[in-house]
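The next block holds one structure in the form of structure tokens; read it before the comments.
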Amino acid sequence: MKYENNPYPQNVDWPGLDFVKFSCVLIMVLIHVFWYLSTAYGHVEINRNNILFKVVKNTMLIGLFPLMIPVTAGCILRIKLKLSDGHVDRADFIKICTGSIFIGLIGFIMNGLCSGWGSFFSWNVLQLVGLSFIVITCMLTRLSVYAVYISGAICLFSSNLLRQWIGVSDNYLMYILFGDPNGRHAWPFFPWFSLIVCGFIIANFYLVYYKDKKRLNVIFLSIGIVLMLISMIRNTRILPFDPHHMIGPAIFQANTYIMLGVIGFACLFISSASLCFQNHRFSRYGIINCFSKGILWIYVIHLIASARIYELLKAHINMRLVINHPWKITHMVILFGYPLLIFFLSWGVGYITIRYIHDKLIRISVRKI
């Protein structure tokens, strides 16, 4: 692959990816709010004979949207890297590693503010992204992108075997690498690093073969359909439903078929969005741009706000009664008001991110040039 005359300039708009990020973040926000409303720390509080329980059980596929956020992170990493002669230069290496450490620290602080400081060291998606960025950037200082591709494939196909071989271990490092069966830690490196690599690969092909992007979209669309079909043959719903831990080990200690489903959905969604929005420009401060560009701070602030509001509600209201008897006026106010409040808060955070952080950084960069 040639990088010297990359036809896809750095920091160029990719409206299809912006739409994908918007969709994933919006649905993630709503899913987290529903998680707080319908569970007691992951245990589903909806009565088994309630129709809403069946709806939740049969719509787990919606969870593919937030699960593919690491794929979008991998895309962003590749777009930001210049890869002069196929390798990361010193300036990019320092910038990416510093930013990754910052992201990880933000994730730990968020844990403390959400769940108490006893959960400070819980592993979540921000730590996964930060660690993955460092690993990929370190690899690219000496090795080619093919080494990244191979590492992602090894991570994807070896996770089940490694987890079975090592077994259950009450060890923080093992939780980071292979997951926590008790659900206190999420997003282990194996197998979720493969999603970061997936995003990196997709973006790399879009960058290198940008002039043939229509054919590339069709190829990724086809790959996505095939991978999702393979996953659905083995797992009808792709994502398992565990009423005792709705967002827990059953998902995060995913087998290879689940991961293929997530990767397939990512290929399908990104290629479809890229085809639909290839000549489109979104409003700078519109909802799509706000949710897309403000992804980090929306994630952090909406989780902190959701947790604090939930604790306040739980202290005064029986939340199990609210979710199982939604037709009372006061219950409807909570069930609609709570999500709307977090939605508009997230939108506002995205707007502030673009207006006062993103735009300011662009002005600083222009002055330096």
Side-chain angles (χ1 to χ4, degrees), residues 1-3 5-28 64-83 88 92 95-96 99 129 132-133 136-137 140 145 148-149 195-224 262-299 350-351 353-354 357-359 361-362 365-366:
M1 293 183 181
K2 296 181 179 180
Y3 298 89
N5 298 309
N6 191 336
Y8 196 95
Q10 299 296 317
N11 298 321
V12 74
D13 287 334
W14 186 352
L17 182 62
D18 287 336
F19 182 79
V20 168
K21 288 160 60 184
F22 154 73
S23 304
C24 293
V25 174
L26 175 60
I27 294 173
M28 173 197 70
L64 289 172
F65 286 92
L67 288 179
M68 66 165 283
I69 286 178
V71 178
T72 67
C75 290
I76 295 167
L77 174 64
R78 174 60 189 94
I79 291 170
K80 295 296 182 184
L81 291 175
K82 296 182 179 66
L83 289 189
V88 174
D92 268 356
K95 183 170 66 175
I96 295 297
V129 170
S132 299
F133 278 17
I136 291 173
T137 306
L140 290 173
V145 291
V148 177
Y149 297 178
L195 289 193
I196 308 282
V197 174
C198 171
F200 185 94
I201 293 172
I202 291 172
N204 193 60
F205 275 91
Y206 271 95
L207 291 171
V208 177
Y209 300 108
Y210 179 65
K211 292 182 179 179
D212 205 11
K213 59 183 179 180
K214 287 186 179 179
R215 184 184 298 178
L216 200 59
N217 282 322
V218 173
I219 291 172
F220 277 119
L221 189 69
S222 304
I223 291 171
V262 179
I263 292 171
F265 179 73
C267 292
L268 183 65
F269 192 20
I270 292 173
S271 57
S272 299
S274 297
L275 282 168
C276 292
F277 298 104
Q278 57 185 337
N279 297 315
H280 191 85
R281 287 185 67 87
F282 298 114
S283 171
R284 182 154 192 80
Y285 299 112
I287 184 172
I288 291 176
N289 233 20
C290 287
F291 273 82
S292 173
K293 298 286 193 299
I295 185 169
L296 170 62
W297 295 111
I298 288 174
Y299 178 80
Y351 175 83
T353 300
I354 297 175
I357 299 177
H358 190 264
D359 285 1
L361 290 175
I362 290 175
S365 299
V366 170

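As a basis for the values below, the full set of heavy atoms in this structure was taken, side chains included, without hydrogen atoms, waters or symmetry mates. Numbers here are sequence positions counted from 1. Just so you know, these numbers come straight off a predicted model, no measurement behind them.
Using a 4.5 Å heavy-atom threshold, the side chains of Ser292 and Val25 count as separate. Residues Phe269 and Thr72 are not in side-chain contact: their nearest non-hydrogen atoms beyond the backbone lie 4.5 Å or more apart. Taking the side chain as every heavy atom from C-beta outward, Val129 and Ile196 approach each other to under 4.5 Å. When side chains are defined from C-beta on, Leu140 does not count as touching Asp92, because their heavy atoms never get closer than 4.5 Å. Contact of the Cys75 side chain with the Ile270 side chain is registered, since non-hydrogen atoms from C-beta on lie closer than 4.5 Å. The shortest side-chain heavy-atom distance between Leu221 and Ser272 falls under the 4.5 Å cut-off. Residues Leu77 and Ile96 have side chains in contact (heavy-atom distance under 4.5 Å, counting atoms from C-beta outward). Side-chain contact between Val88 and Leu83 is present, with at least one heavy-atom pair separated by less than 4.5 Å.
In this structure, CD1 in Ile69 is found 10.5 Å from NZ in Lys21, a value given to the nearest 0.5 Å. The distance from atom CG of Leu81 to atom CZ of Arg78, rounded to the nearest 0.5 Å, is 6.5 Å. For the atom pair CD1 (Ile357) and CH2 (Trp297), the distance works out to 6.5 Å, reported to the nearest 0.5 Å. Taken from CD1 in Ile202 to CD1 in Ile263, the straight-line distance is 8.5 Å, to the nearest 0.5 Å.
Take Leu26 and apply the side-chain contact (heavy atoms from CB on, under 4.5 Å) test, not counting sequence neighbours, and it matches Phe22, Leu30, Phe291, Phe343. A search for side-chain contact (heavy atoms from CB on, under 4.5 Å) contacts involving Phe277 returns Pro15, Phe19, Ala273, His280, Phe282, not counting sequence neighbours.
Judged by distance alone, the side chain of Asp18 and the main-chain N or O of Ile288 form no donor-acceptor pair under 3.5 Å.
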